[in-house]
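We count residues from 1, following the sequence as given.
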Amino acid sequence: MNWITRERPKIDRIACPWLIRNFIDPQAQFFYVPFDTVIEKAEELDATPFDVLGVELTHKNGFCTFDALMEKYKLDDPALQIMAPIIRGADTDQHGLASQASGLWAIAAGMAYNIKDDQELLKAGMVIYDALYTWAKHLQNVRHTESPVEQLLVDVYQKYLKKGNGAKIPVWAKELKTIIQDQIDTNLALSLTGISTELNINPAYVSREFSKYFDNLSFGEYIRKLRIEKAITFMETSEYALSEIAYLTGFSDQSHFTRIFKLETGLTPSEFKKNRNKK
């Protein structure tokens, strides 16, 4: 069966042929022609037009042609359902629909810029959508990089967090506290958002559960508290300048360090150090 659409494809007009050939018409042949000749050429080639104004298979009500094909041919593969908002987001500049949409747009735009022959572009695009489908089907929860600390936190959360909590402090909270205290020196980039992303858990939910067992402090407040405690240790046991202590405890600059230190202790670092020296 022949299929025809506008020339110079980028996203939807590459994704749709991939969908058609893999799920609708394995023998499909595709033609890219100037936009004002699509209908005329469709009749000439006995081809089904798509992604062009005025035909059945095209953009409608915020959905793109990939969505229209899935609806018409009743395609309910879960991986396709995951791909659809990525493709729609990239093709309609609604990158908020899926976190992968902006990446797909960047790749598609770069390919279209580098490859001027539409059939060659289609051939290369098929590889991209094969990969996206494999990711959606098998690899969504696989991460490219995980430090040992991040993996340890993930393990603890996955093992204990979803079990809820009782009157006593749960084991996971005790273990997590130990882990944070052990790693605060070397992993200053620990963040609630990062952990939540790794776990596919809403950050607000993690924050709410966290505060129940960490002195009613949010994750950020708890980390800042530990940093100030470490700064105090440096003041008492080293000759580091305050600017060096600010850096070593993860603060972006000394003024930020001073402000947070005063919030935690009621004194500036200089006042605190001066009082200590008097004793």
Side-chain angles (χ1 to χ4, degrees), residues 96 99 102 143-279:
S99 59
S102 57
R143 297 292 181 268
H144 177 55
T145 56
E146 283 182 350
S147 71
V149 176
E150 289 171 332
Q151 185 57 58
L152 196 52
L153 286 168
V154 169
D155 291 343
V156 169
Y157 269 105
Q158 288 180 333
K159 186 175 180 182
Y160 297 110
L161 188 56
K162 292 180 180 178
K163 294 182 179 178
N165 58 79
K168 297 180 179 178
I169 297 174
V171 175
W172 72 262
K174 294 178 181 177
E175 291 197 16
L176 184 56
K177 182 179 286 188
T178 300
I179 291 167
I180 292 173
Q181 288 173 331
D182 287 346
Q183 301 300 329
I184 192 68
D185 292 346
T186 56
N187 192 14
L188 299 177
L190 275 174
S191 73
L192 178 65
T193 300
I195 293 172
S196 300
T197 300
E198 295 289 339
L199 298 170
N200 287 324
I201 298 174
N202 189 301
Y205 174 77
V206 177
S207 179
R208 186 170 61 248
E209 293 297 313
F210 186 93
S211 65
K212 290 178 182 177
Y213 308 107
F214 288 81
D215 305 326
N216 290 322
L217 298 175
S218 68
F219 183 85
E221 290 169 338
Y222 186 76
I223 295 298
R224 284 197 296 273
K225 177 174 174 285
L226 294 185
R227 287 173 177 165
I228 294 301
E229 289 175 355
K230 184 160 186 62
I232 290 172
T233 300
F234 277 131
M235 289 180 193
E236 294 175 337
T237 61
S238 76
E239 298 300 324
Y240 288 132
L242 292 179
S243 58
E244 293 173 307
I245 292 175
Y247 173 78
L248 290 170
T249 50
F251 291 92
S252 56
D253 55 59
Q254 191 172 342
S255 62
H256 183 212
F257 169 58
T258 299
R259 184 169 60 82
I260 298 300
F261 191 96
K262 188 169 184 179
L263 280 175
E264 290 287 336
T265 67
L267 298 171
T268 66
S270 298
E271 291 170 339
F272 185 92
K273 196 171 183 179
K274 188 175 181 180
N275 287 346
R276 284 282 179 180
N277 291 337
K278 289 179 180 176
K279 295 179 181 179

Nearest-0.5 Å distance, CZ of residue Phe257 to CG of residue Leu242:
6.0 Å

Quick one: CD1 on Ile245 to NZ on Lys273, what's the gap to the nearest 0.5 Å?
5.5 Å

Applying side chain to side chain contact (heavy atoms under 4.5 Å, CB included), can you list everything that pairs with Ser238, at least two apart in sequence or on another chain?
Phe234, Tyr240

Between Lys225 and Glu229 (salt bridge meaning N to carboxylate O under 4.0 Å), is one present in this structure?
yes

Check Pro269 against Met235 and note the closest heavy-atom contact, atom names and distance.
CB-CE, 3.6 Å

Testing the basics here: between Thr249 and Arg227, what is the closest heavy-atom pair and its distance to 0.1 Å?
O-CD, 3.0 Å

Residue list, salt bridge (charged side-chain N to carboxylate O under 4.0 Å, His left out) with Glu239, at least two apart or on another chain
none

Residues at least two apart in sequence or cross-chain that pass side-chain hydrogen bond (donor to acceptor under 3.5 Å, both in side chains) with Ser255, listed by chain then number, are Asp253

Could you measure the distance from the CZ atom of Phe272 to the CD atom of Glu264? Nearest 0.5 Å is fine.
12.0 Å

I'd like to check the side chain to side chain contact (heavy atoms under 4.5 Å, CB included) partners of Lys262; sequence neighbours left out, ordered by chain and number.
Thr268

Roughly how far, to the nearest 0.5 Å, is the CG atom of Leu217 from the CZ atom of Arg224?
9.0 Å

Test of understanding: with side chain to side chain contact (heavy atoms under 4.5 Å, CB included), list the residues that count as partners of Leu263, not counting sequence neighbours.
Arg259, Ile260

